[in-house]
Each structure stands twice: as C-alpha cells, then as structure tokens.
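Here is how names work: the chains are called A, B, and so on, in the same order as the sequence lines, proteins then strands, and each is numbered from 1. Note that this is a predicted model, so its numbers are computed, not measured.
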Amino acid sequence: MNSEVRVRFAPSPTGYLHVGGARTALFNYLFARNMGGKFILRIEDTDQQRSTDESTNAILRSMKWLGLEWDEGPEVGGNCGPYYQTQRMDIYNDYAKKLLESGHAYYCFCSQEELDSERQEMEKNGVPPKYSGKCRNISLADAQKRIAAGEKAAIRFKMPGKEIKFNDLVRGELTFDGNLLGDMVIVRSDGFPTYNYAVVIDDGLMKMTHVLRGDDHISNTPKQIVIYEALGFTQPVFGHISMILGPDGSRLSKRHGATSVEEYKKAGILPEALDNFLALLGWSPEGDREFFTKEELIKEFSMSRVAKSPAVFDVKKLTWMNGNYIRKNDDEAVAKMTLPYLIEAGLVKESEVEEKMPWLVKVMKTAKTSFETLADAPKNVTLFFNEDYEVKKDDAEVAKYTENKELTNKVLDFVVGEITALENYDLASVKAVIKKAQKTLGVTGHDVFMPLRVSLTGLSSGPGVYEMFDILGRERVMVRLKNFKEKYLS
RNA sequence: GCCCCCAUCGUCUAGCGGCCUAGGACAUCGCCCUUUCAAGGCGGUGACGCGGGUCCGAAUCCCGCUGGGGGCGCCA
C-alpha cells in the first residue's frame, strides 16, 4: 500500500524534549493514527558537538510518558532504518556523489574565515548574505585531485535561481524566490551531512507522505524542495504548525520557566493532561468540548482545524486542566499517584506504604479537591501527618480563638469530655457531640466549629472539621486538643 | 538589511460574507452551596490592531500600514 500515510517526528538529541517539540510530535502522532498511517521516530544526531545519548534517552522517555508510541524508529526498528542519522552516513555520501556527478552539487574549498569575512562584507553593504558561488566552476576532476592531495572540501548544492512554490497544509500556497538563496552546504568538510540535506534523503527514503513540523522550518522548505527535485524523490505534503510562545510573546524558552516535558512531569502534571492541553494549542475540535482522551483526540484530529497563528503557553490553564484530570481519578488512584511526592517530602516511609494505604485513600478523598498538580499534594496534606503543626496566630481568624480563651476553653473542654466518654468513636457520634455542644453551651455552630478547627489544624481554613475527626481518629484528636489547650489557653 | 509567516477578550480559541448586539474555556470579579477553605453551580467585566477598498451587506475577501514571530550557518 503506497497510499498509507507516513509521518515522522525527528528531534535532534541536544537536550530534553521541549513542549513545543512534544506538540509537534503529538500532532504527527494524532494525524498518523487518525489516518490509519504510521508514525516514525528518527533521531537527527548529525551535530557531533551537541548530540548526546543522554538526550536521546530523555527524549524517548518523554515520548513514552506522553503515550506517543512510534511504529518505526529507535528500539522498535522498521523497514526504512536505520533511524539514527549517524548510522546513515553511507547513504548520505552515496547520494552526495550522485548529486556531484549529475552536476547538481560541487566541492567548495572556501575556508571558514573567507566565508565569514565575505558575509560581513555583504552585511555591511546591506546585501542579503548569500554564498558567492566562488567554487561553483571548479571542475569535479580538479576538485577530486585537490582532495586527493589532502585538501578539505565541503559539498555545496547549486541553487536553481527560480521561483519555488509549495502548497502548505495549514497555510496554503507559499512562494519563494530561489535567487535569494545561496548555494547551501549539503556535506560539511568533516563529511557530515547538514540538516537540510539529510532531512530530504531521510524523508524521501523513509517514504514520508507528510511532513508536519514547526513554523520555523518554513524557510527551509524551498531549499529542501530543490533537493527533492534534483534527486527525483516524491515530495511529501508539507504542513507548518505555528510555534509556541512564552507569556511575553517571544518564542518559548528557558527564561519563561519550565519548557521540557520532563519538568512538567516532575511538577506533577499528568501525561493525559499535558497531551490534552498541547492538542488544544493550535488545534481546536468541532464544538465546545475541551476534555479528550487520547482515543478521542485521535478520532477528532484534523489538520484542517489547525490554526495558523502562534499560541502562548498558558501554564495556568494547563494546571487547571491537570487538577480536573487528578480529580477524575478515584481516591485510591490519587493516593497512588501522589505517593512518590509524599515519600519525597518525607511524609511517608517506603516501608509503611502498604499499611498506610487505606488511610491515605481517606486523606486523598478530602484533600484531592485542593491540589492542581501532584507536587501540590504534600503541602496540602501535611497537617494530617503529624501533631507538630504550626498555629498561625498572625491570622486574624485564628487569633480570635486564641484570644477568646473563654469560648475556646469552654468548647474544647466539653468536646474532650464527651469524646472521651464515647463508647464508639465514629462519625455519627462525633456529629452528635458537636450538636450537643451547641445546645448545652448555647453557642452557634460556627463558634463550636472554629475553635475545633483552629486547635486541630492551627489554621482558620482547610479540610472539614468532621473530616479531621474521621481521618485523625480519637487518640490523635485528643492529643491535638490537649496540646492546644496547654499551649494557648492557659 | 533582505525574505517569509501571523494578527478575534489578558491567555487558548470558535467564526470560513448575512445565523455576530462575536460563542466557549482559563484567568479575574460577584453570587449560591457551606462550620472554614477548596471543589462545584450560576452570573458579570472583557476582543474583531489601524486605514483604505470590494459588496446591498465584512471579524470573515483584496491592498496598504502597524505590531509580533521566524529565517537568512560547514546548527537542527
């Protein structure tokens, strides 16, 4: 079947997977799955200086975490491999040779210094910087002799000075003037291919039907098209997705804060939430719905609904969405997903996880409405864990009850007495006690709840008082109440 | 400097000539629920960058301007 859709994501392993890259990968993935085609992952590691295995691993890890499984590529193989550019050197060289022989390319002996000064000169004169074509007329035979004699040479592609057009899937027809483009290097003097060349060889040989990538590649496209033409490869359909911007409207970068998928994972963002959020950056479904499972995204996705304009990455909305995803889970699931964060915060020990699990589930039942990321969990549940919580006396609401000792004492004494006398400590009895306190003491509900809240949590706001009684249990409630009395009411 | 792309509430966006006194979501504000907080429910504030056309009619089409972004490497 040569009508099968084939798309790829081709990161260069020079750092972590960026959210912008993740979105490009996601769009390719969704498009492939929606069309019943293949999603291919290729590692563009021809930059020897900056590529690292560590980055490759980090990128693969992030892709998997996001659920973007690839059909061909590293670890899974495929018929069009290898999928690492550094393993495809022979292929690039073969095609470079063909281009040299067919007269589409030539050897260039210009040194870096010559090129630099040439460019500076052009810039000074306000001329668009473009290679002069100095080595264009050195014959292949002469060039080969010089190389045999030990000279270093790059290979340049002869740009045809013509108009280059292509039909972009998201932007429509785009036109470029080839006369403005200089002869580009396709093979560096160290023998490594350049991006614009390697990408064509790979996409051509890997039979890509569509190339969906970032906006920043628009001006590379005409350069690549002429290589497709020279090689006689079938051109894929191009689609350029707009970029992701920071809050200030410039290209999203480190100075805007977290940019890598890994950082969001660490911050306690769920992969489903990040996928959902990223899908909505630049793509919109029909209708007003915003929450989609991956399967639903696949079903709904269409390149025709991809926006042309760039999008600002709004962490607030991501976080809101993430909170919704967390709350969609049942209490047990939330307990499990927050566990690593609780352990890291020292609230739970690895060894007591099993024993504490049922209790943790109970904690999460009341706490999960209060956090938007998993990393928020520890600070929101810490007061359930130990008795040495701080009483915020500088909070005016709290101070009311530390200052009005008479009321607080009255309430606490009554409740302590009644709770101690309780045969069965359960929620119903606790409720009854509190009711009784109101009646007997002749105070409002608020005036019995607040002293209890302040003494049980040290705060004027937080989880429900009943929930505290339930989660803490009789003994810990007593400890807290008595401690509070001793410290603040005597 | 040159080339290219983009332009609807603060943000993500719907809108593809009349359904628009511009719809939804985040954020924000108010109300409700409620022992507090959160969650939830309801409601409010809030946008077609500007100027020319075309058309009976323009957020929607065309041109210019302005603004923003990207590219112009022996980086990808």
Check your understanding: Can a donor-acceptor pair under 3.5 Å be found between the side-chain atoms of A:Thr194 and the base atoms of B:C74?
Key -> no
Review point. On a whole-Å scale, what distance lies between the P atoms belonging to B:C42 and B:C33?
Key: 15 Å
Review point. A:Asp216 has an atom CG; how far is it from atom C1' of B:C3, in whole Å?
Key: 16 Å
Point to revise | Nearest-angstrom distance, C1' atom, B:C16 to B:U8 | key: 14 Å
Review point. On RNA chain B, nearest-nucleotide positions of A:Arg23 versus A:Gln112: which is more 5'?
Key: A:Arg23
Review point. B:A7 C1' sits how many Å from A:Met243 CE, rounded?
Key: 17 Å
Point to revise | Pairwise P distance, B:A38 and B:C32 [rounded to whole Å] | key: 14 Å
Exercise for review: Just call it for A:Phe371: base, sugar-phosphate, or nothing, with non-hydrogen atoms closer than 4.0 Å on any strand.
Suggested key: nothing
Point to revise | Rounded distance (Å) that lies between atom P of B:U35 and atom CE of A:Met450 | key: 12 Å
Check your understanding: When all nucleic acid strands are considered with a 4.0 Å heavy-atom cut-off, which category describes A:Val312: base, sugar-phosphate, or nothing?
Key -> sugar-phosphate
Point to revise | Nearest atoms (heavy-atom pairs only) where A:Ile186 meets A:Tyr197 | key: O-CD2, 3.3 Å
Review point. With distance as the sole criterion, do the side chain of A:Lys316 and the base of B:A27 form a donor-acceptor contact below 3.5 Å?
Key: no
Check your understanding: Counting any heavy atom closer than 4.0 Å, what does A:Ala154 reach on the DNA or RNA strands: base, sugar-phosphate only, or nothing?
Key -> base
Exercise for review: For nucleotides B:G30 and B:A39, find the distance between their P atoms and express it as a whole number of Å.
Suggested key: 14 Å
Review point. A:Ser461 near the nucleic acid: base, sugar-phosphate alone, or nothing, with a heavy-atom cut-off under 4.0 Å?
Key: base
Check your understanding: If we call it a pair only when both distances are under 3.5 Å in a Watson-Crick or G-U wobble match, what pairs with B:G40?
Key -> B:C32
Exercise for review: Give, for atom CG of A:Leu278 and atom CG of A:Leu318, the distance between the pair rounded to the nearest 0.5 Å.
Suggested key: 7.5 Å
Review point. When the ring centroid of A:Phe313 is compared with that of A:Phe277, is the distance short of 6.0 Å?
Key: yes
Review point. Would A:Trp320 and A:Phe291 count as a close aromatic pair, with their ring centres under 6.0 Å?
Key: yes
Exercise for review: Kindly compute the distance separating CZ (A:Arg480) from CG (A:Leu383), expressed to the nearest 0.5 Å.
Suggested key: 6.0 Å
Practice item. Using the six-membered ring wherever Trp is involved, compare the ring planes of A:Phe109 and A:Tyr107 and label them parallel, tilted or perpendicular (cut-offs 30° and 60°). Key: tilted
Check your understanding: Do the side-chain N or O atoms of A:Ser242 get closer than 4.0 angstrom to the phosphate oxygens (OP1, OP2) of B:C6?
Key -> no
**Study point:** B:C48 and B:A7, which share atom name P, separated by this distance in whole Å
**Key:** 16 Å
Point to revise | Which residue lies more 5' along RNA chain B, comparing A:Lys152 with A:Glu372 via nearest heavy atoms | key: A:Glu372
**Study point:** Atom-to-atom span, OH of A:Tyr131 to P of B:G73 - whole angstrom
**Key:** 13 Å
Point to revise | Spacing of the P atoms in B:G52 and B:U45 (rounded, Å) | key: 30 Å
Review point. Is the aromatic ring centre of A:Phe449 closer than 5.5 Å to the centre of the six-membered base ring of B:U35, with the two planes inclined by less than 30°?
Key: yes
Review point. Given B:C74, is OP1 or OP2 found less than 4.0 Å from the side-chain N or O atoms of A:Arg119?
Key: yes
Practice item. Report which part of the nucleic acid A:Gly462 touches: base, sugar-phosphate, or nothing (heavy-atom distance under 4.0 Å, all strands). Key: base
Review point. If you look at every strand shown and take non-hydrogen atoms under 4.0 Å, does A:Ile155 touch a base, only sugar-phosphate, or nothing?
Key: nothing
Revision key, fill the gap. Using Watson-Crick geometry (N1-N3 plus N6-O4 or O6-N4) or G-U wobble (N1-O2, O6-N3), each under 3.5 Å, B:A25 is paired with B:U11
Check your understanding: Do you know which two heavy atoms are closest between A:Leu205 and A:Tyr95, and how far apart they sit?
Key -> CD1-OH, 3.5 Å
**Study point:** Touch class at under 4.0 angstrom, heavy-atom based, for A:Pro129 against every strand present
**Key:** base
Check your understanding: Nearest to the side chain of A:Val185, which nucleotide is it out of B:G24, B:C3, B:C74?
Key -> B:C74
Check your understanding: When all nucleic acid strands are considered with a 4.0 Å heavy-atom cut-off, which category describes A:Arg251: base, sugar-phosphate, or nothing?
Key -> sugar-phosphate
Exercise for review: Both distances under 3.5 Å, Watson-Crick or G-U wobble: report the partner of B:A59, or none.
Suggested key: none
Check your understanding: To the nearest angstrom, how far is A:Asp215 atom CG from B:C4 atom P?
Key -> 15 Å
Point to revise | Atom-pair distance (CG on A:Asp47; P on B:C74), nearest Å | key: 13 Å
Practice item. Would you mind classifying the nucleic acid contact of A:Gly464 as base, sugar-phosphate or nothing, using non-hydrogen atoms under 4.0 angstrom? Key: base
Check your understanding: Any side-chain N or O of A:Arg305 less than 4.0 Å from the OP1 or OP2 oxygen of B:G15?
Key -> yes
Review point. On a whole-Å scale, what distance lies between the C1' atoms belonging to B:G18 and B:A59?
Key: 13 Å
Check your understanding: Would you say the base of B:A38 and the side-chain of A:Thr369 have a donor-acceptor pair closer than 3.5 Å?
Key -> yes
Check your understanding: Counting only distance, no hydrogens or angles, is the base of B:A76 paired donor-acceptor with the side chain of A:Asn220 under 3.5 Å?
Key -> yes
Study note, to complete from the structure: By the Watson-Crick or G-U definition, both distances under 3.5 Å, B:C2 is matched with B:G71
Point to revise | Pairwise P distance for B:C37 and B:C31, with rounding to whole Å | key: 12 Å
Practice item. Looking at every strand, decide which applies to A:Arg289 at a 4.0 Å heavy-atom threshold: base, sugar-phosphate, or nothing. Key: nothing
Exercise for review: Please work out if A:Thr46 contacts a base, only the sugar-phosphate, or nothing of the nucleic acid, heavy-atom cut-off 4.0 Å.
Suggested key: sugar-phosphate
Exercise for review: Please find out if less than 6.0 Å separates the ring center of A:Phe301 from that of A:Phe292.
Suggested key: no
Practice item. Figure out the NZ/P separation between A:Lys368 and B:C37, and round it to whole Å. Key: 21 Å
Check your understanding: If you look at every strand shown and take non-hydrogen atoms under 4.0 Å, does A:Lys223 touch a base, only sugar-phosphate, or nothing?
Key -> sugar-phosphate
Exercise for review: Look at A:Arg327 and B:G40 and indicate whether a side-chain polar atom (N or O) is within less than 4.0 Å of OP1 or OP2.
Suggested key: yes
Check your understanding: B:C50 pairs with which nucleotide, Watson-Crick or G-U wobble, both distances below 3.5 Å?
Key -> B:G64
Review point. So what does A:His240 hit on the nucleic acid, given a heavy-atom distance under 4.0 Å: a base, only sugar-phosphate, or nothing?
Key: nothing
Practice item. Could you tell me whether A:Ser12 contacts a base, only the sugar-phosphate backbone, or nothing, with contacts defined as non-hydrogen atoms closer than 4.0 Å? Key: sugar-phosphate
Point to revise | Interatomic distance where OH belongs to A:Tyr16 and P belongs to B:A76 [whole Å] | key: 22 Å
**Study point:** A:Leu412 to A:Pro451 - nearest heavy-atom pair and separation
**Key:** CD2-O, 4.2 Å
